[in-house]
Each structure stands twice: as structure tokens, then as C-alpha cells.
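Please read all numbers here as calculations on a predicted model, not as lab measurements. Just so you know, ligand 1 is whichever comes first in the structure, and atom 1 is the first atom listed for that ligand.
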Amino acid sequence: MNQQPKQQPHKIIFDTDPGVDDAMAFFFADAHPQLQIVGITTIFGNVAVEQSTANTLRLVDIAGGDYPVAAGLGKALAGEPRPYPHWVHGKDGFGDINWPASNRSPDQRPAVDFIIETLKASPGEITLVPVGPLTNIAAALARAPEIAELVREVSIMGGAINCPGNVTPLAEANVANDPEAADAVLGAGWKASLIGLDVTMKAVISSQDIARITGSGSEKAKFLAAAAAPYIDFYRNNAGVDGCCMHDVCALARLVAPEIFTMEEAAIRVACEGFSRGKSAAMPPGHPAADESWQSRPVQSYARAIDNTAMLELFIETLSGQTQP
Ligand code: RIB
Ligand code: CA
């Protein structure tokens, strides 16, 4: 894997709805030397926000970190709520393995306040990494539009540009859970990258690969082996994949190993009406046929392709503590 010049480490706010692949992403962020978790904000999505907050506190315990965890919003900006996908992540979000609850308490501040205050305190330094519905991010933007000038960048797991969705034939789960929020986030003046199913469905880790990581026998290893098993069963039985998809890890990997991804610049919009509700669509900059509603959109980027072998290697090396600073 050719190494690019190292960028400045990314200080991140990780916005998450754990979720098994969220847990993988959290452990990746906790372990990678080029990522520094400034705080974690929780959101509904794979489970109710109360459960995603309790799960995040569990993850902080397992990792032995001491990150602030701020509880987020429990429902979308608009529209009918979607069912929690217990058939993918289990009723408790971690494969129903009944992992012991944490004794930690969340931060006093709600997630939206935490995001705004943290960005204002460190202008230009923080990268937002939302890997669930974009409700917290959109709510922070609505309350304090100036944050669009205060972030370093936004790296989003979500969307399906040139591939089918996973909750409808057109829509990916995070975007479908709050299309209005996703359209607002992708229409803001910050630098946003959409890492969607186009690449994350190819970011597969097999049970054998997870076993290699779990070989260290740590708490993290035991948790991953237990929580990932039912998640792998879902992908084996429903997507013909011998393993599971590291959807959320990809939004972090793009920050530390951009060479793994092929990115395309585009204006990106999200349909909010009718049967295409939740569909994310991209138009190359300056497309002559586009009407004003497209021409006026900021140019963002989305991931078109991935070196999935390099992605797997990066994840295993990082969780095995072999990534060089
Ligand atoms: O579509 C995949 C996304 O939805 C991932 O973030 C997964 O954790 C779920 O939130
Ligand atoms: Ca997620």
C-alpha cells in the first residue's frame, strides 16, 4: 500500500448509533495514532438513543479510554420513524450478548450543545465523523450555522450513489433514517465526504480475520468475537457475504489512509419525498443540464471505489496495535 505524506492527526467528534460496525469503528479510532477522539455523541438509528448511549459507555469501558459521551437526539427532524434493525445488530445493538452495563455517566451537555461548544472552542481543528443518522449534525448546523466555517471537515458514513440501498432499493439506512438532515448536512458550506454503500459493502471482514484480531485475548477482542458473530450471520444469510461489512470504519479510514479510496467531486442531494425518500444522488460539478436547484449546491465528494484488501489490512493492523504513528 503506497504511503502518502502523513497529514496532521485528526481530532474527531465521533457521532454514532452503536451498532456492531460502530463498535469496530470506535475501536479503530481509539487505536489509530492519527486519530484523537475529542468526544463521542450518540444518536438513534440501529437502536434507540438511550441504548446507543448505554452502548457507547460500554465501549469506552472496554477500550479503557475516558472520552466524554454526550447523549443525542432520539428521532429524525421530520417524517415517520423507521424500525430499529434488531435483525441486523440485535435488540441491544450488540448482538444481544448482554455485555455488562457501564457505571459511567454521560456528559451533562446534550450532543448538539457539545458539538457546537467543542467546535467553537477549537476553530478549524475538529473533524466530525457521523456514522448514524445525521440528525445531531443538522440540528447543530440549524442552531449555529457558523459551525460550517469552524470544522476541519466532515467524513460521513452514509448514502448509496451508484448502488442499491440497504433499507429500500434506493436508500441507505443512515440517510433514510433522516433524509432532511442528510440533505441539509450535504448542502452546507463545509467540506463533506460521503462514504456510502458503493464502497462499504466491499469492506468485508471475515470471521477468520476477526479471530486473528481476537487472538490477543483482550476485553476488546472478546467483545468483538461475541458481538460480531450474529452480525456476520446476518450478512452471510442475507447478502451472500462471508463475513460482515465494516461500514463505519470506512468513514475513519478515509481520514488516515485516503489512498485506499477513489473520491469523486459532486453536488449531492437527498430525496425527501415519495418512494425515493432517502435516495442520495450526485451530479458532477458544472453539469450543463442541471437546473438551478442543483447548480446552487456546494461541491462535496463521495467515495466511488475502495481498495478493500488495503482496507482490511489497515483495520487488522490497527486493532492489533501494529499501525505506525
Ligand atoms: O447502512 C449502514 C449504516 O447503518 C451503518 O452506519 C450501520 O451502523 C447503520 O447505522
Ligand atoms: Ca452506524
Side-chain angles (χ1 to χ4, degrees), residues 12-29 40-49 51-53 55-56 58-59 69 72-76 81-95 111 128-137 154-161 163-179 181-182 185 193-205 224 227-228 230-232 234-235 238-239 241 243-254 270 278-280 302-303 306 311 315:
I12 68 169
I13 293 177
F14 186 58
D15 186 77
T16 181
D17 63 329
V20 178
D21 62 316
D22 301 70
M24 294 176 178
F26 167 75
F27 290 136
F28 181 83
I40 308 165
T41 50
T42 63
I43 187 71
F44 75 95
N46 288 320
V47 290
V49 69
Q51 186 69 48
S52 71
T53 303
N55 286 349
T56 301
R58 285 179 169 91
L59 295 177
V69 176
L73 295 169
K75 63 178 184 161
R82 300 187 60 82
Y84 301 124
H86 57 80
W87 57 89
V88 182
H89 296 270
K91 286 192 172 55
D92 70 0
F94 283 163
L128 297 177
V129 185
V131 296
L134 289 159
T135 314
N136 288 335
I137 312 301
V154 188
S155 188
I156 303 161
M157 191 280 136
I161 299 292
C163 69
N166 57 1
V167 292
T168 79
L170 295 168
E172 176 278 329
N174 290 338
V175 172
N177 269 314
D178 198 339
V185 168
S193 301
L194 194 64
I195 314 302
L197 300 182
D198 306 74
V199 298
T200 67
M201 284 303 291
K202 300 183 179 94
V204 174
I205 184 165
L224 264 184
Y231 185 59
I232 288 173
F234 169 79
Y235 274 92
N238 296 278
V241 168
C244 58
C245 294
M246 301 186 283
H247 299 289
D248 294 343
V249 180
C250 293
L252 293 160
R254 196 201 56 82
V270 175
K279 169 61 185 160
S280 46
Y302 71 91
I306 186 172
M311 178 65 240
F315 182 73

* Structure fact -> the Ca ion (ligand 2) has as its nearest N, O or S atom from D248 the atom OD2
* Is there a side-chain contact between V47 and S52, using heavy atoms and a 4.5 Å cut-off? -> yes
* To do: Can you sort out which atoms of ligand 1 are near M157, meaning under 4.0 Å from one of its heavy atoms?
  => 2 (C), 3 (C), 5 (C), 6 (O)
* Asked: Should H247 be counted as touching ligand 1, given the test is an N or O pair under 3.5 Å?
  -> no
* Structure fact -> Closest heavy-atom pair, A111 versus G72, reported as atoms and distance to 0.1 Å, is CB-CA, 3.4 Å
* Asked: Do T16 and I40 come within less than 4.5 Å of each other through their side chains, counting heavy atoms only?
  -> yes
* Per-atom contacts, ligand 1 versus D22 - under 4.0 Å to a heavy atom -> 8 (O)
* To do: Show which atoms of ligand 1 fall inside a sub-4.0 Å distance from at least one heavy-atom site of D17.
  => 10 (O)
* For atom 4 (O) of ligand 1, the protein heavy atom that lies nearest, with its residue and separation -> N174 OD1, 3.2 Å
* Asked: Ignoring hydrogens and geometry, is there a side-chain-to-backbone donor-acceptor pair from N46 to D17 under 3.5 Å?
  -> yes
* To do: Measure from the Ca ion (ligand 2) to each N, O or S atom of V131 and report whether any distance is below 3.0 Å.
  => yes
* To do: Could you grab the angle centred on the Ca ion (ligand 2), going from OD2 in D22 to OD1 in D17, to 10°?
  => 70°
* To do: Return the residue, atom name and 0.1 Å-rounded distance of the protein heavy atom closest to atom 8 (O) of ligand 1.
  => D21 OD1, 2.6 Å
* For ligand 1, is any non-hydrogen atom under 4.0 Å from V167's backbone (N, CA, C, O), its side chain (CB onward), both, or neither? -> neither
* Structure fact -> Here the pair of heavy atoms bringing D198 nearest to C163 is N-SG, 3.4 Å
* Asked: Is D21 close enough that one of its N/O/S atoms sits under 3.0 Å from the Ca ion (ligand 2)?
  -> no
* Work out whether the distance between some heavy atom of A173 and some atom of ligand 1 is less than 4.0 Å. => yes
* To do: May I ask you to identify, for V20, whether its side chain, its backbone, both or neither come under 4.0 Å of ligand 1 on a heavy-atom basis?
  => neither
* To do: Quick one: look up the protein heavy atom nearest atom 9 (C) of ligand 1 and list residue, atom name and how far away it is.
  => N46 OD1, 3.3 Å
* Is there side-chain contact between Y235 and M201, with heavy atoms separated by less than 4.5 Å? -> yes
* Keeping the roles fixed (side chain from K202, backbone from L197), state whether a donor-acceptor pair exists under 3.5 Å. => no
* **Under-4.0 Å heavy-atom contact with ligand 1, by part of T200 that carries it** => neither
* Asked: If we only count heavy atoms from C-beta on, is the Q51 to D92 side-chain gap below 4.5 Å?
  -> yes
* Structure fact -> Judged by heavy atoms only, the candidate from H89, M201, E172 nearest atom 1 (O) of ligand 1 is E172
* Structure fact -> Closest non-hydrogen atoms of G19 and H89, given as atom of the first, atom of the second and distance, are CA-ND1, 3.4 Å
* For side-chain contact (heavy atoms from CB on, under 4.5 Å), just list the numbers for V249 and D21, CA-CA rounded to whole Å, side-chain angles, deciding distance to a tenth of an Å, and then say yes or no. => CA-CA 7 Å; V249 180; D21 62 316; 5.9 Å; no
* Structure fact -> atom 6 (O) of ligand 1 sits nearest the protein heavy atom D248 OD1, 2.5 Å
* To do: Return a yes/no value for V131: is any of its N or O atoms, backbone included, closer than 3.5 angstrom to an N or O of ligand 1?
  => yes
* How about C244 and V20: do any of their side-chain heavy atoms sit closer than 4.5 Å? -> no
